[in-house]
Amino acid sequence: MFGNFDKIFGFRAQSDGEGANPFPKPIPTLDRRTVHLMKSDEFAIIVIGGGHAGIEAAHAAAQLGAKTLLLTQNIDTIGALSCNPAIGGIGKGHMVREIDALGGLMATLADRCGIHFRLLNRRKGPAVRGPRAQVDKGWYRRQAQAGLGRLDHLTIFQGEVARIVINGGGEVSGVVLTQGLEFRARAVVLTTGTFLAGKAHIGQHQFESGRLGDQPSNTLSVHLRSLGLDLMRLKTGTPPRLHSGSIDFSRTEPQEGDAEPEPFSFLTDTIALPQIWCHLTRTTAQTATIIRDNLADAPLFNGQIQGIGPRYCPSIEDKIFKFPDRTEHTIFLEPEGLESFEIYPNGISTSLPLPVQKAVVHSIPGLERAEFTRPGYAIEYDALNPTSLRLSLEMKQIGGLFTAGQINGTTGYEEAAAQGLMAGINAWQRLNDREPVVLARNNSYIGVMIDDLVTRGVDEPYRMFTSRAEARILLRPDNADERLTTLGRELGLVDDHRWQRFNRKRQAIMEAKDRLSALSSRSGGSGGRKTGMQWLAVTGLDKEEILTEFGLDTLPAEVRAFIINDGHYGGYWEQVKSSLGQDRHLDSVRIPKAIDWWQVPGLSTEVRQKLKAIEPETLGQAERIPGITSAAISNLLIHFRLMQQKS
């Protein structure tokens, strides 16, 4: 099976000696330690769940100095990539950079474990390009566990949470496990993923599962419903996994990664792991016929599945049904790791009966004899209506209870990690009687996502896209540190090493822009005299050549790229900032917590009901609630000004 591995996957070993281990030794900041022994049953913050949201929440809380407990059903699956073996993408990659800029873990983990890097949307403007990497799933999980295991303020314990303990004041005071053990804490972060009352579907076969091979959290789900929380059923799915040795890769199209991998973390200089190929293939007319002939047995179409699935990541049966004129759909064959024999066929998520799944796969070029290692399946689970949250991700109904990840109606590792980071930060802020940290829509994709969730709610699993951000021209992947690292430093998540490196980069950018403020004439028909930054905004010119003319060719690559990208948008900057001015003004107007919407004159009953349901924290958030009119916002603004004058 592995005899032609190098030829099939383009494997380039970067270690000495035949058969040498391709994995580098763990770097000091992710060194493995023994999990801390349980010394007490009292903590400051408890994080429930060891997925991507739980990892970032626990990491942030412990780094900030909170005595933190991470509870998970299985310590061995902390950091598991339950679905595709990839981090990043369009919009998603932006958030990974933002997590890194604030001092989170995901970017570093992805760089440590990446085996196939590609910058998506490369032909489009730099603001909407999406960093993405295939990662080694096993190595990612081990590195995540090592990164948590080294934290002095974090205890990790294996156990299933049965209920949240609420004190007489309606605030969290701890949790109780199914074993009867009780742990006390003043803040709890729930990151349950797809485990709340999880039910998997493979054809007509249904079974309780958090993910394939793991038990769901049924007791906790029943408990949350007993608290009167607004829960809904959502659905997601995954494709079957295939044995690489049974695939005819000669009938597929090799896809190389970028020749120079672009890291996620602002601290990463080089990618250590060998880089390999992925492969492309496509469905056929026979594939479509097989699926159409078996739709009656598809849980998605026969009424068996009640949960709502993600519109932007549909199953293969949903694609065939909704796009009957499409003759083919692209399938990406993605290795799950350097030493794994499993292939992830990205693009054929399915819950069809297993015999039908096999017929579908065998109708695809290169997969005619593919052997299954795991079936595809759909999974339904309970999720919280995110409009019951504050912008801090704390529940309005229960003080000290924060939620993050798929429980909030999102889909994707990156969305979960970003929420986990913010929930961990805000749990710490609450314990220290500090104002919550709320990122604005115009300075981060994380801010866009959380505002969308809390203000607008979800009617399907939420996925981040660049199109969701009004200020996307300002929110480039390469300037995430400029936007957020100072905040991370103020909070205490950015260490001295990152801070010093950030300041060196910022100083280099300032000095370069000073040089580029000079006027220069250029030949070649472009004519006139412009500053260097103005020349960088001219389409069709060689931007590296312009930097050379101004004596900036020796700058570090990340600094040159930043300046070129800044120059690319030129005059658009001021236009965008001007259009966002009104939004910034409204977001600065705080709404009193004890406001009685029925005492505000000029509002319709419908508007009052929507404002009461969401409880917006600023006038800007109120404006973004679906159905709130401009007239209502004007009435509110006048009302608040009159209140200020009276006080």
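These numbers were taken from a predicted model, which means no experiment stands behind them.
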Original post:
With distance as the sole test, does R118 use its side chain to make a donor-acceptor pair with the main-chain N or O of E256 at under 3.5 Å?
Top reply: yes

Original post:
In terms of side-chain heavy atoms, does E334 have a donor or acceptor partner in N84 at a distance below 3.5 Å?
Top reply: no

Original post:
What pairs with R506 under salt bridge (charged side-chain N to carboxylate O under 4.0 Å, His left out), at least two apart in sequence or on another chain?
Top reply: none

**OP:** Could you tell me whether the side chain of R211 reaches within less than 4.5 Å of the side chain of Y377, counting heavy atoms only?
**Re:** yes

**OP:** Supply the atom-to-atom distance N479 CG to N565 CG, rounded to the nearest 0.5 angstrom.
**Re:** 8.5 Å

Original post:
What residue pairs, at least two apart or across chains, pass salt bridge (charged side-chain N to carboxylate O under 4.0 Å, His left out) with a residue in residues 552-564?
Top reply: E544-R560

Original post:
Are R476 and Y569 in a cation-pi contact, defined as NZ or CZ under 6.0 Å from the six-membered ring centre and within 45° of the axis?
Top reply: no

**OP:** Just say parallel, tilted or perpendicular for the rings of H279 and F249, cut-offs at 30° and 60°.
**Re:** tilted

Subject >> Pairwise distance CD1(I343) to CG(L333) - rounded to 0.5 angstrom >> reply: 6.5 Å

Original post:
For D214 and Q73, what are the C-alpha separation, side-chain angles and deciding distance, and is it a side-chain hydrogen bond (donor to acceptor under 3.5 Å, both in side chains)?
Top reply: CA-CA 9 Å; D214 292 308; Q73 287 188 7; over 6 Å; no

Original post:
Is the backbone N or O of I320 less than 3.5 Å from a side-chain atom of R326, with the two atoms forming a donor-acceptor pair by type?
Top reply: no

Subject >> Matching residue for L439 among V448, I450, L102 - test: side-chain contact (heavy atoms from CB on, under 4.5 Å) >> reply: L102

**OP:** Kindly say whether L267 contributes a backbone atom to a donor-acceptor pair with the side chain of R501 at under 3.5 angstrom?
**Re:** yes

Original post:
Given F502, which of E482, H497, Q507 fulfils the side-chain contact (heavy atoms from CB on, under 4.5 Å) condition?
Top reply: E482

Output side-chain donor-acceptor pairs under 3.5 Å for residues 51-59, partner residues at least two apart or in another chain, one line each.
from : atom 1 : to   : atom 2 : distance (Å)
E56  : OE1    : L105 : N      : 3.0
E56  : OE2    : L105 : N      : 3.2
E56  : OE2    : M106 : N      : 2.8

Original post:
Is there side-chain contact between W139 and R112, with at least one heavy-atom pair below 4.5 Å?
Top reply: yes

